[in-house]
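Structure, as structure tokens:
Please read all numbers here as calculations on a predicted model, not as lab measurements.
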Amino acid sequence: MAEGVLASSIVKEVLAKIASPIWADLTILRSFKADLRTMERDLATIRDVLFDAEKRGGGGGDSAVRDWLRRLRDVAHDIDDLLDECRTDLSASRQRKNTACGGIAPDLCFVRSLSMARRLRSLTRELDAVAAGRDRLRLNPGIYPPAYPSAPPRRETISMVDESKTVGRTADKEKLMRLILDAASEEDVSVIPIVGFGGLGKTTLAQLVFNDRRANDEVFDPRIWVSMSVGSSLRTLVQPIVSATKEKCDLDNLDAVASFLSRTFTGMKYLLVLDDVWSENQEEWEKLRMLLKDGKRGSKIIVTTRSLKVAMMVGTVPPFVLKGLSDDDCWDLFRCKAFEEGEEDLHPKLVSVGKEIVQKCGGVPLAAKALGSMLRFNKIEQSWVAVKDSEIWQMEKEETILPSLKLSYDQMPPGQKQCFAYCSVFPRNREIDRNKLIQQWVALGFVEPAKYVSQSVLDRANDCFEDLLWMSYLQEVEELDLSKKELEEDGNVKYKIHHLVHDLAQSVAGDEVQAINFSQDNGHSRACRYVSLTADMESPEVFQSMLRKIRAFHSWGYDLDINLVLHARCLRVLDLRGSPVIELPKSVGKLKHLRYLDISSSPIKTLPNSISSLHNLHTLHLNNCRNLCILPVSICNLQNLEILNLSACSLHTLPDSIGHLQYLQNLNMSFCKFLETLPNSIGELQSLQTLNFKGCGKLKSLPDAVCSLQKLQYLILSQCGILQSLPKSIGNLSNLLHLNLSQCNDLESIPDSICRITRLHTLNMSHCSSLSEIPVSIGGLKELQFLILSHHSSSLSLPISTGHLPNLQTLDLSWNIGLEELPESIGNLRKLKILILFQCWSLCRLPDSISNLMMLESLNLVGCEQLTQLPDGIINLRNLKHLRNDQCQTLERLPHGFGQWTKLETLSLLIIGDRYSNIEELENLNLLTGDLRIECRSHKRDLATDAKRANLRIKRKLSSLALSWTGSCFCEDPTSVETFLEVLVPPENLDVLEIDGYKGTKFPSWMLESMELLLSNLVSLSLSNIHDCTCLPPLGHLPYLQSLQFRHMTGVRSMGSEVLVKSNKSTLYQSLKELHFEDMPNLEIWPTSWSVDHKENHSGLFMFPVLKTVTATKCPKLRPRPCLPDAIADLSVSNSSEMISSGRISWSSTSVSASLLRRLWIKSCHVSSNEWMLLRHRPKLEDLVIEYCEMLHVLPEAIRSLGTLRSLKILNCSELKDLPEWLGELVALECLEVNCCPKLASLPKGLQRLTVLKELTITGCSSVLSERCTKDTGKDWFKICHVPGIVVS
């Protein structure tokens, strides 16, 4: 690790150990104590110059100072090892009643260990030599670190950007523009944070938005860009604003500054960018926000920052977390830097290597540009390969990427720097277990003990992990709903470290951390303290020289010489998870310093008794050791053990002496499927806080002694399928916070004493199928916040006392299919925020008292099929944000006045019509977000006026809108429907629009005339069951449209002229990837070019440049004109015969077919084989399925030219009589299937030439053909006997 960081941390740790009161008892060897005092004095004087040494030696500085820091670090480590060994021996001797010295006092026995004294004297001399170097290097003791980290070097940014040179940020820009242009936010001034680590492109994204024409001076005035790298003081902020306004302001006078800011922004709709914000000073931000709060509604502040903590602190909306670019986008950036225009065509080998180099960038634009620039003037292939094979942190000329990332690292306190650098022991792409990493930090002494007793060292380590998470140095692998995470009890939340951040960790770790590959010469350093294997241990002697010093060893599942590893006597962390270790040698007991031992997922069968000698062991992981059936009794002598993980072992019980582990805090026995009983001594674990028996399927009962665990906070019994009862005295667990009983299928009742667990926070009784009632005493759980009673198939009755839980915030009753009603007392749950009634099929009504739940924010009624109405008083729930009411077949209307829910963000379904809800009530629901479906049940009266008042257009947070008219919808006059849709203009930020069952004869003007302006962000459009419209709206200019579906539109004949009206020189359907036609019997023309006259030369005029998937079903007249777009990769044609007759027409007689079609499925298309023009000129076709084509007597000749075809399936072609001899020319064919072709009587000889054919399936054909294919004797067997997989039936 960086010498300065490690030196200062280890010096601080050693000084703390020397100051320990344990040495006060040493009275015999005065020299020992004298040497300790000398050591303390020297270390104290060295500590005073360390900050100066770190400044002078860091960042490629003075090499002599760096060497001095290394020497200091090594000596300090050795002193720490010795002191730790002395302390361990002393503690162990005190625990033994009889020592090796007979009746002599344990202390006296310890002090007589002269070897300890000699080693201490030797280390004192080494430290003296290091201390002498302090004066020689003239290190200054008068320089001290600042109370807070200094601001990073100033990085001035400007607002201008060349958008043509940016790639891969179009979608991000549009998402951000929606937030910028959103005028429906609750705050007058919204703060939008963009967060990500250095080099991801936060500033570039802010520049793109700042310069977008939609955010010009007519929309925002003023628009101001402020580079905040130095800090966030008011003076820093106001200086560029003064310049922009050309007013005068005394920057040294804070009152004048405050007055100026207020005067400048009050009443103005402004856009302010604060780029590269570092300050986490909450008070400073509150001052700033107060001065900027009086801007006009719609004002926006964009903050770019590396810290998620800053983003959460300043943002009024969730942070915009920037992700990396795709490899293709990174390649574009790299290519522009590494090559001149068109130059890459001259260097195909460099292009291949360059694309591999780009993968090292991990999506970071800064890295792609920096590496491309580095190689721009070097076209030697070996140099490029060297860059590909090197780590970024090892590249000599790399002066851009890591310095940018390292800015955040420089702001960390020393202990946190150690924790981060240690992360380099994890191989790239290795998932990181949060809890295990935290435990390792603690075991290695990276985390200082808390100043306050209430915070444990593990809590402090957890804070450090959170900080790295805030800074995006660590990232969550999968985002999980926090409400569904069961206290992370399964350790199912994993984390990862980005490739470039891993490079940074390796860079700052230096020679302290080494990854060892025994097949390569890594230049192993004796200074290495943390080892990570990257291959099986084949040459142990390479490793031997490092053993004496290492403190952590990770095998990562590779094979190793365990006896050799155990010679590393300074080990604090030994991680053997996944290693093929069958047995731990007895010598493991000699690892005096060991604090963390992980043997999980190994085939180990037993543990040696010597494990009891590991007096410092805090953490022992044995999870997934499925061969481990019994624990040695000696394990209970591990007096300092705090965490014992036995998950998924094959234990039947625990040793009776388990109660001796007086410091044990966490016992995990989840998924121990053979565990049947527990000893009563488990009740003696008086420090135990977490007890996990999840998935212990044979555990019938808990001993009453469990109820003696007064410090227990988490008790997890989920999936204990045969657990029938809980101890009656469970109420004695007075400090229990979480009790999980989910999927205890045989649990019949809950003891009444549960009411005495007054601190209980979460109670989960979901999937308890035998539990018919909840005890009345549950009302005594006054601190209960989360009650989960979901998935009860029988009728579960809720007692009235359920309403006596004053602090309940979440009540989950989902999937209680027999639940018919809720008690009136539920209205007493005044703090309830979330009520989940999902799929309560029998629920007929909600009690009127529900209107008393004034704090309710979310009500989920999805699937409540019998619910016919909501209480009228429910409109009083003014804090309601989410109402999910779809799949409620009989709930046809919302209460009159629901428009008062002005905080509503989610409304799944709104049914409108004469006797249904009124769409007008949407008028003030401007915070609606996500999906909204509006279903019209009747049109007896004109709804247009109400629809206009609904003002759907300003609901900018909606992303999906579905408008439907049901089949039963009565409409006397189609014009009323047309007028209704005319005024129902969707919001401009909409992603998805669906219109189904529309009864009008024409589409509204906003679709026909200006859709690309009004709905420019549309990604998906679906039009279905529209029978009276004869023309489609022009859709080709929608810039981001990716999916287009036309279904059941019987009146439409062409989509040609409508598109041509809009044609200009831009590419039509430029983003469309999916196009679906279904049941359009009269549709004839699908134009694929601006000109349908293919006799003219109109190269470059094709539409659909990126179209990948097309389906045409029941469109018998449909033809693409002039031909199918080349970009299509997947095509499905069913009951659409004219499509088969459509060939590919090249615009140039010399051009080569550019068709990318790979998969083609043809069904029920009735044209003769010589008309299959669609199959011509398909050089990349790999999969072809022909099904139910009854006019097909022979295979189309066009198949013969499909040289890349790998799979051919001919199914249910009842008239097919022969397979042609030229089938043998399809030399790439790997799979051939013929099914239900009854007239097919023989196979062609050409099949013999299909040498790569792997599978041949012939089923449901004639008995004659089956006989001819009989193994060894059939007449056609010799034609197919070379095929490995043959099925004939």
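Nearest heavy atoms, Asp575 versus His554: OD2-ND1, 3.0 Å. Nearest heavy atom pair, residue Leu83 against residue Lys17, reads CD1-CB, 4.2 Å. Heavy atoms only, all atoms of each residue included: Ser424 and His502 are closest at O-NE2, 3.7 Å. The two atoms that bring Ser532 and Val425 nearest to each other are OG-O, 2.9 Å, heavy atoms only. Contact detail for Thr690 and Leu712: the closest heavy-atom pair is N-CD1, 3.9 Å. In this structure, Leu571 and Leu574 approach most closely via the heavy-atom pair CD1-CD1, 4.1 Å.
Contact of the Leu641 side chain with the Gln662 side chain is not registered, since no non-hydrogen atoms from C-beta on lie closer than 4.5 Å. You'll find the side chain of Leu739 stays beyond 4.5 Å of the side chain of Asn764, heavy atoms only. Annotation: side chain of Leu733 is in contact with side chain of Leu715 (closest heavy-atom distance under 4.5 Å). Between Leu584 and Leu607 the shortest side-chain heavy-atom distance falls below 4.5 Å. For the pair Cys570 and Ile550, the minimum side-chain heavy-atom distance is 4.5 Å or more. Taking 4.5 Å as the limit, every side-chain heavy atom of Glu684 sits out of range of all side-chain heavy atoms of Leu664. The shortest distance between side-chain heavy atoms of Thr619 and Glu642 does not fall below 4.5 Å. Using a 4.5 Å heavy-atom cutoff, the side chains of Leu620 and Asn645 are not in contact.
Counting only distance, with no hydrogens or angles, the side chain of Asn735 and the backbone of Lys711 share no donor-acceptor pair below 3.5 Å. A donor-acceptor contact shorter than 3.5 Å links the side chain of Arg595 to the backbone of His593. For the pair Asn627 (side chain) and Pro603 (backbone), a donor-acceptor distance under 3.5 Å is present. A donor-acceptor pair under 3.5 Å is formed between the side chain of Gln710 and the backbone N or O of Asn732. Remark: side-chain polar atoms of Gln686 are paired, donor with acceptor, to backbone N or O of Gly683 under 3.5 angstrom. Side-chain atoms of Arg434 never come within 3.5 Å of backbone atoms of Ile432 as a donor-acceptor pair (strictly under, hydrogens ignored). At distances below 3.5 Å, not a single donor-acceptor pair connects side-chain atoms of Gln506 with backbone N or O atoms of Gln514. Of the possible polar contacts, one joining the Ser610 side chain to the Lys586 backbone as a donor-acceptor pair under 3.5 Å is found. Of the possible donor and acceptor atoms, one in the side chain of Thr534 sits under 3.5 Å from a partner among the backbone N and O of Ile516.
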Residues Asn637, Ser634; criterion side-chain hydrogen bond (donor to acceptor under 3.5 Å, both in side chains); working and verdict: CA-CA 6 Å; Asn637 294 329; Ser634 61; 5.6 Å; no

Using the side-chain contact (heavy atoms from CB on, under 4.5 Å) rule, take Leu437 and Cys423 through it: C-alpha gap first, then chi angles, then the decisive distance, then the call. CA-CA 8 Å; Leu437 177 58; Cys423 291; 4.1 Å; yes

Output, in order, the C-alpha distance, side-chain angles, deciding distance and verdict of side-chain contact (heavy atoms from CB on, under 4.5 Å) for Ile788 and Leu763. CA-CA 6 Å; Ile788 305 169; Leu763 177 57; over 6 Å; no

I would like to know whether Asn462 and Arg460 meet side-chain hydrogen bond (donor to acceptor under 3.5 Å, both in side chains); could you show each step before the answer? CA-CA 5 Å; Asn462 191 61; Arg460 302 249 314 168; over 6 Å; no

Quick one: do Arg626 and Leu628 satisfy side-chain contact (heavy atoms from CB on, under 4.5 Å)? Show the steps, please. CA-CA 5 Å; Arg626 300 187 184 276; Leu628 188 64; over 6 Å; no

Given side-chain hydrogen bond (donor to acceptor under 3.5 Å, both in side chains), test Ser647 with Asn623 step by step and report yes or no. CA-CA 4 Å; Ser647 176; Asn623 49 301; 5.9 Å; no

Given Leu654 and Leu667, is the side-chain contact (heavy atoms from CB on, under 4.5 Å) satisfied, shown in steps? CA-CA 11 Å; Leu654 290 173; Leu667 177 58; 4.1 Å; yes

Take Asp80 and Arg572 through the salt bridge (charged side-chain N to carboxylate O under 4.0 Å, His left out) test and state the conclusion after the steps. CA-CA 12 Å; Asp80 182 56; Arg572 267 78 168 165; 3.1 Å; yes

Chi angles and distances behind the side-chain hydrogen bond (donor to acceptor under 3.5 Å, both in side chains) call for Asn640, His618: CA-CA 6 Å; Asn640 289 304; His618 289 173; 5.3 Å; no

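Here the CD-SG distance, from Glu512 to Cys528, works out to 7.5 Å after rounding to the nearest 0.5 Å. Interatomic distance, OG of Ser769 versus NE2 of His791, reported as 12.0 Å (0.5 Å rounding). In this structure, SG in Cys744 is found 8.0 Å from CG in Asn740, a value given to the nearest 0.5 Å. The distance from atom CG of Asn668 to atom CD1 of Ile716, rounded to the nearest 0.5 Å, is 7.5 Å. The CG atom of Leu736 sits 10.0 Å away from atom OH of Tyr714, with the distance rounded to the nearest 0.5 Å. Note: Ser742 OG to Leu747 CG = 11.0 Å, rounded to the nearest 0.5 Å.
A donor-acceptor pair shorter than 3.5 Å can be found between the side chains of Asn616 and Thr88. Between the side chains of Gln689 and Asn666, no donor N or O sits under 3.5 Å from an acceptor N or O. Between the side chains of Ser555 and Ser579, a donor-acceptor pair is found at a separation under 3.5 Å.
The neighbour count for His761 NE2, taken as heavy atoms of other residues, nucleotides or ligands under 6.0 Å away, is above 12. Enclosure of atom CD1 in Ile630 is not indicated, since only 12 or fewer non-hydrogen atoms of other residues, nucleotides or ligands lie within 6.0 angstrom.
Between Asp78 and Arg73 there is no salt bridge, since no side-chain N of the basic residue sits under 4.0 Å from a carboxylate O of the acidic one. Remark: Arg577 does not engage Asp433 in a salt bridge, criterion side-chain N to carboxylate O under 4.0 Å. Note on Arg529 versus Asp74: salt bridge recorded, some NZ/NE/NH1/NH2 to OD/OE distance being below 4.0 Å. Looking at Asp81 and Arg569, no side-chain N of the basic residue comes within less than 4.0 Å of a carboxylate O on the acidic one, giving no salt bridge. For the pair Lys12 and Glu448, the salt-bridge criterion is met [side-chain N within less than 4.0 Å of a carboxylate O].
Under the 30°/60° scheme for interplanar angles, the aromatic rings of Phe465 and Tyr495 are found to stand perpendicular.
Outside the 6.0 Å centre-distance limit, the rings of Phe553 and Tyr530 are not counted as a close aromatic pair. Aromatic rings of Tyr596 and His621 (six-membered ring for Trp) have centroids within the 6.0 Å cut-off, being under it.
Test Tyr422, Phe420, Trp441 against Phe446 for ring-ring contact (aromatic ring centres under 6.0 Å, His included) and you get one pass: Tyr422.
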